[in-house]
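Scroll down for the structure; my scribbles are underneath it.
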Amino acid sequence: MIEVKNLRVAFPDKAGKPEQAVKGISFTIGDGEILGIVGESGSGKTQTALALAGLSPRKASVEGEILLDGRDLMPLSREEIRNVQGKDIAMVFQEPMTSLDPTMRVGRQVEEVLEIHTKLDKNARQELALQALRDVELRDVETVYRKYPHELSGGQRQRAMIAGAIIGGPKLLIADEPTTALDVTIQAEILYLLGKLNREKGMSILFISHDLRVIRRLCHRTLVMHGGHIVEQGDVGQVFQDPQDDYTKTLIASIPTRRY
Amino acid sequence: MKYYLRKLVTLIITLFVVSLLAFLAFQIVPGDAAARILGTEATPESLAALRHQMGLDRPMLVQYGDWLNQFLFGDMGNSYSYTMSVKALLGPKLPITFTLTAMAFLMIVCISIPLGVWQGKHAGEASDAVTGAVGQVFMSVPSFFLGIVFTLVFGIGLKLFTQGQFIHYDQSVSGFFGYLFFPALAIALPKSAMAAKLLRASVIRELQQDYVRTARSRGRKFSSVLRVHVLRNALIPVVTFLAMTIPEIVANSIIVEQVFTIPGIGRLLLSSILASDYPVVLAIVVMLAFLVVLMNFLADVLYQRIDPRIKVR
Amino acid sequence: MKRRNWTLRIGGCVAAVMVALILLGTVWTPYDPNALAGAEKSMAPCLAHLFGTDNFGRDLFSRVLEGGRTSLLIAFCTVAIGGVCGTVIGSLTGYFGGLVDEVLMRFNDSVSAFPNILLALVCVSIFGTGKYKIILVLGVLFIPSFARIVRGEFARERSRDYVENARIMGAGPFRVMFAHILPNVKTVLLSSVAIGFNNAVLAEAGMSFLSMGVQPPDASLGRMLAEAQGSLFTMPWYALSTGCFMVLLILGFSLLGQGLQEQEREL
């Protein structure tokens, strides 16, 4: 279980004074839960995700508590954080095109977590990587394993990214707008895949999106962020049926409705 | 495979054209081999007879074909100034210039890659600014002046070598490499500064790429991200630059051999130009031209191999 | 927030000071560069003789200024020949494109692959040495690099809106090329001129150092360095002062060129 208490992320502005991007937010992600964070750009949702993954930009100052199964990650040294990254908390990014190293074969990137965190030999790693590629429902995994990222389609690349994230069996998968760069059918497939992985592997997912429809489809619970604050949180059904906050209401009202 | 085949065909055609141009260029020069041999005693008749005997009255292209054929089998004709074949003249000098070039190239690689990565990693810090400024100055120092400074500091000052006392590899292998160390460094430093600057910019560009964040999210150490992911990507433009510097190194070694009185190809080329010993000049020029063309080819192939995104057509 | 372009500033200052010194040298030098002074032979640098004197007692600072003048003159003529011819060829082929463009650029690429010094040596071995021959040889060798840059710029600018507009307004191709496009590629052109100077000084110095460039009685920095090398043991300041003067000259133009490139990128 992840507990975030009073998280603040601030950046120095031009004059050097700290400007807060995340203004003291608290929330929890239960085991096996999919929590969605929704908000427009600049709402602080991405900075929240990066803070959880230990990837805040160097010039940012991060305060508060991030408890992973009761252990606070904030006071940890860089080295101890690296032990958590990839193994306990993994991350998938928005751009599958650029998030993979173009000069390294896909297979090696999928098994990178094992290379860093385990002493498994090459063959054992390859076995697990192939299994992970199967888990993300890629076909012909031996071929994919040997390919370079540019030889895969956008959807395949995002699946490979997810395979590389789940291979270490993380407790939490952070997905930052993982479907935004993809077209609609592939988007649906990836959402389905994330749901399936959540059910089968029992890992928690923190899903970040600006798209309410995607959140409604996948998540159990959701937070609405605006200007660095959480303006509303609750079960997805409840938030969508009966929004309390004005900002949430306008967001929901702005979802394009289907016209038949 | 088809890609390489096509490249290879282009390579061979280029080699032909380059050798033809070089051959024709030296036909412009007044006074041919026959005139050279007969010297002042030449009468028009004897000249014509000797020309006929030597085949110099045949069409230019036929002469070229003949020359190329011999050249490819290692026969580069005879020197005008020395009573020996060009091949025998070049033979002992080639390994010297080759060693000098190879040493300089190795130095460039060994200096520029760590330096460029280090600068890119510390971009914007004071240490980067200082090394960058020093690099700028080195880029503007011609290698022959650097050679003179080295002679002054390490030769005359610190007595690490004696300028002008070249040690042949037959005498002492370690002495040979020792003597070539400073000339090679004089060639290498300006080029290293250029390569490092290029790599620095490339590393900075690559560090902003998303895949760096991905690798960090998997718990990779920053230094390890640099080594495993960034370096390979950042090297792509630098590899081409490095391959293309090899001809430049050879060109510079011509001058630096002069500074350190190294009996290599460069000094032979210069003395042959001064003595109008055209067969020697032509042989050296064609060999260097072949080197340039080959390096271009190598750069293409390397570029293609290091960057998997470039489609093999 | 606009970042100050230090490369451009420092480069501009260094280049301006060096050129000004050399220009000053054409009208006034501290001593007559060729005046022999038996009493002041081989003097180390001091206040009276900034760069010291040579074994004939000639003031080296004055001589370096004179040598710099030859080097700069050759560089100027080289860049003028290469720049003008290159710009004309590059703008024509870049603007019109077609088969001629294709063939010329191929040729260009092949020539550019060869180091300048090497080509210059070949030319000199065929045509001979001397100040004017070196200018001509280097000038011709510098055409491809200018042509390549200008061609690239023209090929890019050709499809811009303002060019289309000018064409619609009825401007002929030459008016479009030289009245409309040329002013827009000014910075790029200036930076290649600066870098051209840098390369020309280097190439001339290399050639003259090998005694394949200017011949006595002309003195250029490269030739003086070759001479200075002979007396390195007795008069190290001769080589050092000549060399450093040359390095500063090259450095100035090199920084100036890079600074202009940076400026162009920021625009």
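What you are looking at is a predicted structure, and each value in this text was computed from that prediction instead of being measured. Just so we're on the same page: letters track the sequence lines, and every chain starts at 1.
Note that CG of Leu270(B) and CG of Leu121(C) are 6.0 Å apart. Values are rounded to the nearest 0.5 Å. To the nearest 0.5 Å, atom CD1 of residue Ile148(B) and atom CZ of residue Phe209(C) are 4.5 Å apart. Between Leu202(C) atom CG and Ser140(B) atom OG the span is 8.0 Å, to the nearest 0.5 Å. For the atom pair OH (Tyr278(B)) and CD1 (Ile126(C)), the distance works out to 7.5 Å, reported to the nearest 0.5 Å.
Heavy atoms of other residues, nucleotides or ligands lying less than 6.0 angstrom from CD of Glu102(C) number 12 at most.
In this structure, chain B has no heavy atom under 4.5 Å from any part of Met207(C). Neither the backbone nor the side chain of Ala133(B) comes within contact range of chain C, judged by heavy atoms closer than 4.5 Å. Looking at Val285(B), only its side chain comes within 4.5 Å of chain C, counting heavy atoms on both sides. For Ile117(C), the part lying under 4.5 angstrom from a heavy atom of chain B is the side chain only. In this structure, the portion of Leu269(B) lying under 4.5 Å from any heavy atom of chain C is its side chain and not its backbone.
The main-chain N or O of Val259(B) is found under 3.5 Å from a side-chain atom of Gln229(C) such that the two form a donor-acceptor pair.
For the set Val281(B), Val141(B), Ile156(B), the count of heavy-atom pairs under 4.5 angstrom toward chain C peaks at Ile156(B). Interface remark: of the candidates Asn116(C), Leu118(C), Leu232(C), Leu232(C) forms the most heavy-atom pairs closer than 4.5 Å to chain B.
Taking all atoms of both residues into account, the shortest heavy-atom contact from Gln136(B) to Ser254(C) is OE1-OG, 4.1 Å.
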